[in-house]
Amino acid sequence: MGIHFKNVGQGDSIVIEWVFNKALHIGLIDCALDYDGGNPVLEHLISLDKEYVLHFIILSHPHEDHDGGIIELLTYMQQNKIATNYFCHDFYFDARYKNKVTKKWLTFLEKFRKLEKQLEAADLFGIRAPIGTGYTIPMAGNKLQLRCISPAGYELDLYQSKVNELSKNFFKQNSAHANLLSTAIKLETPRTYCLFTADTDIASFDRFYKNLKNDKKPKVLEAGQVPHHGSVKNYHEPFWHELKRKPKTAAVISVGDNDYTHPSSTVLQSLHTAGYRVHCTNIVNDAVAFYNQLNP
């Protein structure tokens, strides 16, 4: 199995590859544009020299640095009649558009909805569904599965309460609250897993940590995505230090040039202290096309 954390700068794009019945299967989590306007996820698919099954596409939450390349991807699928077995995004995908928005973003949503309907009408979506805690995607007959662990009802309620407190003109703050809606996903075998966290909020990690303390038979972490590009505001040190893991387990940070001091030196030091092997996509392109040895 291969997991590619694409270098899109300050954003997320993940390509997962595995073989089943001698056929290459592809799963995508987020699809962003890089700083030059390129689409590394689409480029990855175009570069493949063999047929493949596009098993799933997941959009983690409604922010441009995670979904900015989805229009190009869906257009390519439409033009080339490429189907996906699962197309999923969070319950509140429209959240950023409910407030004062720019014409650019409104146009994006209109294009996205139009393409969504067209691809579904052309039977290019096997299952189209919102994704939240408990939603699972079987990995084409293997003992692998994707399991969503956030957002749950707690995050949805917290998001709604925070947005209701603000004026509709406070778009920046409302947009930031959308991180509460971010998916957190486990790619699991019977004994191990990889963790993909996008921009998952610290409140969700509080919940994860409580569940972790009560888990009598925890699985072993193979690789974990550090949330929100290594922001200290999203980093829950007790959770990352408590996880059962192998020596030098990979901790991947999707990051590019930014004004937010990402990744935080505090986060990097904490991960190193805990024994993680840290990969940053702006230093090693494609996160070394990171490969792990997940065996069902």
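- Put simply, the side chain of His89 reaches to within 4.5 Å of the side chain of Glu116, judged on heavy atoms.
- By the rule that hydrophobic residues join a cluster once side-chain heavy atoms approach within less than 4.5 Å of another member, Val252 and Phe196 end up as members of one cluster.
- Put simply, Leu24 and Leu73 are part of the same group of oily side chains (I, L, V, M, F, W, Y) that touch within less than 4.5 Å, one to the next.
- Remark: Gln145 CD to Lys143 NZ distance equals 13.0 Å, nearest 0.5 Å.
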Show your working on side chain to side chain contact (heavy atoms under 4.5 Å, CB included) between Ile253 and Leu268 and close with a plain yes or no.
CA-CA 10 Å; Ile253 302 176; Leu268 294 174; 3.7 Å; yes
Taking distance alone, no hydrogens or angles, what donor-acceptor pairs closer than 3.5 Å link side-chain atoms of residues 45-60 to residues at least two apart or in another chain?
unit_1: Ser47; atom_1: OG; unit_2: Glu43; atom_2: O; d: 3.4
unit_1: Ser47; atom_1: OG; unit_2: His44; atom_2: O; d: 2.7
unit_1: His55; atom_1: ND1; unit_2: Asn85; atom_2: ND2; d: 2.8
unit_1: His55; atom_1: NE2; unit_2: Pro138; atom_2: O; d: 2.7
unit_1: Ser60; atom_1: OG; unit_2: Asp30; atom_2: OD1; d: 3.1
unit_1: Ser60; atom_1: OG; unit_2: Asp30; atom_2: OD2; d: 2.8

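- For the atom pair OG (Ser13) and NZ (Lys6), the distance works out to 9.0 Å, reported to the nearest 0.5 Å.
- Hydrophobic clustering, with ILVMFWY side chains joined whenever heavy atoms are under 4.5 angstrom apart, groups Ile185 together with Ile14.
- Taking the side chain to side chain donor-acceptor pair (under 3.5 Å) definition, one finds that Arg245 meets it with nothing, sequence neighbours left out.
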If you look only at distance, which donor and acceptor atoms sit under 3.5 Å apart when one is on a side chain in residues 75-82 and the other is two or more places apart or in another chain?
unit_1: Thr75; atom_1: OG1; unit_2: Ile71; atom_2: O; d: 2.8
unit_1: Gln78; atom_1: NE2; unit_2: Gln118; atom_2: OE1; d: 2.7
unit_1: Asn80; atom_1: ND2; unit_2: Tyr76; atom_2: O; d: 2.9

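- By the 4.5 Å heavy-atom criterion applied to side chains, Val226 and Thr197 are not counted as neighbours.
- With hydrophobic clusters built from ILVMFWY side chains whose heavy atoms lie under 4.5 angstrom apart, Val267 shares a cluster with Tyr276.
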Sequence neighbours left out, cut at 3.5 Å: what donor-acceptor pairs do the side chains of residues 232-243 make with other protein atoms?
unit_1: Asn234; atom_1: OD1; unit_2: His228; atom_2: ND1; d: 3.0
unit_1: Asn234; atom_1: ND2; unit_2: Asp199; atom_2: O; d: 3.4
unit_1: Asn234; atom_1: ND2; unit_2: Thr200; atom_2: O; d: 2.9
unit_1: Tyr235; atom_1: OH; unit_2: Ser270; atom_2: OG; d: 2.7
unit_1: His236; atom_1: ND1; unit_2: Phe239; atom_2: N; d: 3.2
unit_1: His236; atom_1: NE2; unit_2: Asp206; atom_2: OD1; d: 2.9
unit_1: Glu237; atom_1: OE2; unit_2: Ser270; atom_2: OG; d: 2.7
unit_1: His241; atom_1: NE2; unit_2: Ser270; atom_2: O; d: 3.2
unit_1: His241; atom_1: NE2; unit_2: Ser270; atom_2: OG; d: 2.9

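- Glu120 and Lys117 are not joined by a salt bridge, as no carboxylate oxygen comes within less than 4.0 angstrom of a charged side-chain nitrogen.
- Partners of Phe208 by ring pair (Phe, Tyr, Trp, His ring centres under 6.0 Å), not counting sequence neighbours, listed by chain and number: Phe205.
- Counting heavy atoms from C-beta on, the side chains of His63 and Asn179 come closer than 4.5 Å.
- Of all the heavy atoms in Asn282 and Gly256, the pair that sits closest is CB-CA, 4.1 Å.
- In this structure Ala152 satisfies the side chain to side chain contact (heavy atoms under 4.5 Å, CB included) test together with Thr133, Glu155, Arg207, sequence neighbours excluded.
- A donor-acceptor pair shorter than 3.5 Å cannot be found between the side chains of Gln225 and His279.
- The backbone N or O of Thr189 lies less than 3.5 Å from no partner atom in the side chain of Thr192, so there is not a single donor-acceptor pair.
- At a threshold of 4.5 Å between non-hydrogen side-chain atoms, the residues Tyr154 and Tyr159 do not count as touching.
- Listed by chain and residue number, nothing satisfies the ring pair (Phe, Tyr, Trp, His ring centres under 6.0 Å) test with Phe20 (two or more places apart in sequence, or in another chain).
- Using a 30° and 60° split on the angle between ring planes, Phe112 and Phe108 fall in the parallel class, below 30°.
- In this structure, the separation between NZ on Lys244 and NZ on Lys217 is 10.5 Å, given to the nearest 0.5 Å.
- Between Ser150 and Ser204, the shortest heavy-atom distance links the atoms OG-OG, 3.5 Å.
- Distance check: Thr281 OG1 to His229 NE2 gives 9.0 Å after rounding to the nearest 0.5 Å.
- Contact annotation: the side chain of Pro151 approaches that of Thr183 to within less than 4.5 Å [non-hydrogen atoms, C-beta and beyond].
- The list of side-chain hydrogen bond (donor to acceptor under 3.5 Å, both in side chains) pairs with a residue in residues 247-256, not counting sequence neighbours, reads Asp12-Ser254.
- Side-chain contact between Asn7 and Asp34: absent, with no pair of heavy atoms (C-beta onward) separated by less than 4.5 Å.
- Taking Arg147 as the reference, Glu188 meet the side chain to side chain donor-acceptor pair (under 3.5 Å) condition, with sequence neighbours excluded.
- Considering CD1 of Ile16 and CG of Leu146, their distance stands at 5.5 Å, rounded to 0.5 Å.
- Judged by distance alone, the side chain of Asn258 and the main-chain N or O of Thr261 form a donor-acceptor pair under 3.5 Å.
- When atom types are taken as modelled, the side chain of Tyr35 and the backbone of Gln10 share a donor-acceptor pair closer than 3.5 angstrom.
- Under the side chain to side chain contact (heavy atoms under 4.5 Å, CB included) criterion, Leu33 pairs with Asn39, Glu72, not counting sequence neighbours.
- Val220 and Leu144 fall into different hydrophobic clusters, where Ile, Leu, Val, Met, Phe, Trp and Tyr residues are linked whenever their side-chain heavy atoms come under 4.5 Å apart, directly or through other members.
- Not a single side chain to side chain donor-acceptor pair (under 3.5 Å) links His25 to another residue, sequence neighbours left out.
- In terms of modelled atom types and a separation under 3.5 Å, the side chain of Asp36 and the main chain of Gly38 share no donor-acceptor contact.
- Cation-pi geometry between Lys219 and Tyr193 is not met: the NZ or CZ atom fails to fall both under 6.0 Å from the ring centre and inside 45° of the normal.
- With values rounded to the nearest 0.5 angstrom, Leu115 atom CG is found 9.0 Å from Ile70 atom CD1.
- Across His61 and Ser182, no two heavy atoms sit closer than the pair CB-CA, 3.6 Å.
- Applying the ring-ring contact (aromatic ring centres under 6.0 Å, His included) test to pairs two or more places apart or on separate chains, those with a residue in residues 114-136 are Phe87-Phe125.
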